[in-house]
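Presented below is the structure to which this report refers.
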Amino acid sequence: MPRAGNREKILSACMKMAGAKGCRFTMDDIEEASGLSRRTIYRYFPGKEEILIALLDETFLDIQEKQREIFEAAGLSLPEKLWRLLTVKSNTEEFIHPESLYLYEKYSPRVYRCFQESYQREWSRVMEVLRQGMETGVFHRYSIELVISQLQSGMQKLCQG
């Protein structure tokens, strides 16, 4: 199999294991699920955390692309855009299952920090839709930073259960 295919097999196996076992899967699990040798896996990634971080990067790139499409969609009203931006799902949804994310804080703090940093950057389009809506009178005028903070807080509470 081509080298790029091996990387995808590793990421796919990681996503499958993270979906099944949360953050408590092992490199043995990845080896078994990918069908690749440990040596091959280590050619691409130095360890489990780096695989998870690469998967997070792909997840957020997917979300950014979907958000861009929603933001640029001409036929959507501002409330529709806002709703879709706030509910966009990644193709790797089972990996970023909300209930398991906060376990990473305890068991893989570096991965959790990467998630938090990426999550904090994903609000620019939501902020722009809110700004446009407030300027045109579609939404009530509030502090956009406060609205974003409340949305983030609410989503965090939902994820923590």
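Computed over heavy atoms, backbone and side chain alike; hydrogens, waters and symmetry mates excluded.
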If you measure from CG on L36 to OH on Y42, what distance do you get to the nearest 0.5 Å? 13.0 Å
I'd like to know whether M15 forms a side chain to side chain contact (heavy atoms under 4.5 Å, CB included) with T59, so could you lay out the CA-CA distance, the side-chain angles of the two residues, the decisive distance to 0.1 Å, and finally the verdict. CA-CA 10 Å; M15 185 170 46; T59 298; over 6 Å; no
Shortest non-hydrogen contact between C14 and L55, atoms and distance: SG-CD2, 4.1 Å
Are W123 and L61 grouped together when hydrophobic residues (ILVMFWY) are joined by side-chain heavy atoms under 4.5 angstrom apart? no
Of all heavy-atom pairs between M17 and A33, which one has the smallest distance, and what is that distance? CE-CB, 4.1 Å
Measure the OG1-CG distance between T40 and N6 for me, rounded to the nearest 0.5 Å. 6.0 Å
Partners passing side chain to side chain donor-acceptor pair (under 3.5 Å) against E32 (at least two apart in sequence or in another chain): none
Is the backbone of Y104 close enough, under 3.5 Å, to the side chain of S108 for a donor and an acceptor to pair up by distance? no
Locate the shortest heavy-atom distance separating F25 from K48; write the atom from each residue and the value. O-NZ, 2.7 Å
One thing to verify: whether E69 and R125 come together as a salt bridge, which I'm taking to mean a side-chain N less than 4.0 angstrom from a carboxylate O. no
M134 with W83, same ILVMFWY side-chain cluster at under 4.5 Å: no
Please check: side-chain N/O of S149 versus main-chain N/O of E145, any donor-acceptor pairing under 3.5 Å? no
Treating E135 as the side-chain partner and Q132 as the backbone partner, does any N or O pair qualify as donor plus acceptor under 3.5 Å? no
Taking the inter-plane angle between the rings of F115 and Y112 on a 0 to 90° scale, is it parallel (under 30°), tilted (30 to 60°) or perpendicular (over 60°)? tilted
Looking at every heavy atom in both I41 and E31, which two are closest together, and how far apart are they? CD1-CA, 3.6 Å
Checking S12 now: which residues fulfil side chain to side chain donor-acceptor pair (under 3.5 Å) with it, not counting sequence neighbours? none
Between F139 and V129, what is the shortest heavy-atom contact and its length? CE1-O, 3.7 Å
How long is the span from the CD atom in Q64 to the CZ atom in F71, to the nearest 0.5 Å? 14.0 Å
Just how far is it from atom CD1 of I53 to atom SG of C114, taken to the nearest 0.5 Å? 4.0 Å
Find the distance between CG (L151) and CG (L85) and round it off to the nearest 0.5 Å. 11.0 Å
If every non-hydrogen atom of Q67 is compared with every non-hydrogen atom of V88, which pair is closest and at what distance? CG-CG1, 4.0 Å
Test your reading of the model: is there a side-chain donor-acceptor pair from K66 to the backbone of S90, 3.5 Å cut-off? no
Flag the pair L11 / E8 as yes when at least one side-chain heavy-atom distance between them is below 4.5 Å, and no otherwise. yes
Approximate separation, where rounding is to 0.5 Å, of L82 CG and I70 CD1: 10.5 Å
Determine, for E128 against R131, whether the closest basic-nitrogen to carboxylate-oxygen distance falls under 4.0 angstrom. yes
Begin from the C-alpha positions of E72 and R68 and carry the test salt bridge (Lys or Arg N to Asp or Glu O under 4.0 Å) through to its verdict. CA-CA 6 Å; E72 293 175 358; R68 184 193 59 74; 2.7 Å; yes
